[in-house]
Amino acid sequence: MTPIPALPYEYELPEQGVALIVIDMQRDFLEPGGFGDALGNDVGLLRAIVPTLQQLLAAFRAKQLPIFHTVEGHQADLSDCPKSKLLRGKGDLKIGDLGGMGRILVLGEPGNGIIPELAPLPGEVVIPKPGKGAFYATNLASLLEEKGITHLVITGVTTEVCVQTTMREANDRGYECLLVEDATESYSPEFKQATLEMVRAQGGIIGWTTKAEEIIKALS
Ligand code: C5J
């Protein structure tokens, strides 16, 4: 174990049994014409974390530690999209409609692809997920168990939606979760800040937060 500076106190990073989780760095959320854009967000804001994520990916790859990418998306017939999610919001474009990058939030469409700068390498798992949390209706739990993972380094977008939901799901399942402050982003800076604070409140009720450089230093 390597203790690394974190909040609310040091996080013990193991040499094995740790995985990097990269949540929903897909064109749907980062580029014009996708789901994030359809909901009225400034999608350019999320690009700030791309260089940091590239560094984290390189550090995990160098140590041959497991990496899991997720993408939020639905089957083409939308059979895995609850009506509540389908009908939510008052935008012009809804899930399944044809947007600027194919059908919005549908698996396999151009907009559903991970941005090229963060493209998964062969051997890295990409988990399609119909919900906000990466454990809901996916095989993530069994894959983590197979690999003996106990510690999760969590990154991606958006901090207060899919990232936070996944971290809460993981925490309830007993994982030691570390959220990387400069490798997660939100369309709303105040929501990001609030999420970081609520995760590490009450002695780390959901887990820890730290900066990417602390993890990279510990791994190198
Ligand atoms: C959202 C996500 N915000 N990846 N998805 O709908 O956070």
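As the structure lists them, so they are numbered: ligands from 1, and atoms in each ligand from 1. Hydrogens, waters and symmetry mates play no part in the numbers below; they use all other heavy atoms, side chains included. Note that the structure is a prediction, hence the values are computed from the model and not measured. Numbering starts at 1 and runs along the sequence shown.
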Minimum heavy-atom distance between Met198 and Ile205, given as atom pair plus value: O-CG2, 3.7 Å

Answer side chain, backbone, both or neither: which part of Thr158 comes under 4.0 Å from ligand 1, heavy atoms only. both

Looking at Asp24, which atoms of ligand 1 are within less than 4.0 Å of one of its heavy atoms? 2 (C), 4 (N)

Please check if the side chain of Asn112 supplies one atom and the backbone of Glu109 the other of a donor-acceptor pair under 3.5 Å. no

Before signing off on this row, confirm whether Lys129 and ligand 1 have an N or O atom pair separated by under 3.5 Å. no

For Val161, atoms of ligand 1 separated by under 4.0 Å from a heavy atom: 1 (C), 3 (N), 7 (O)

Which residue supplies the protein heavy atom nearest to atom 2 (C) of ligand 1, what is that atom called, and how far is it? Cys162 SG, 2.7 Å

Output yes when a side-chain donor or acceptor of Thr155 lies under 3.5 Å from a complementary backbone atom of Ile21, and no otherwise. yes

Sort out for me which residue in Glu72, His74, Lys85 forms a side-chain contact (heavy atoms from CB on, under 4.5 Å) with Pro130. His74

Lys129 side chain near Cys162 side chain, heavy-atom distance below 4.5 Å: yes

Flag, side chain of Thr210 to backbone of Val180, donor-acceptor distance under 3.5 Å: no

Looking only at protein heavy atoms, what sits closest to atom 6 (O) of ligand 1 is Lys132 NZ, 2.7 Å

Once you restrict to heavy atoms under 4.0 Å, what part of Val157 touches ligand 1? Side chain, backbone, both or neither. backbone

Please give me the minimum heavy-atom distance between Thr52 and Ala183, naming the atom from each residue. CG2-CB, 4.3 Å

Please identify which atoms of ligand 1 are closer than 4.0 Å to at least one heavy atom of Glu72. 1 (C), 2 (C), 4 (N), 5 (N), 6 (O)

Where ligand 1 meets Phe29 - atom numbers and elements under 4.0 angstrom, heavy-atom basis: 1 (C), 2 (C), 4 (N), 5 (N), 6 (O)

Is there at least one pair of N or O atoms, one from Phe35 and one from ligand 1, spaced under 3.5 Å apart? no

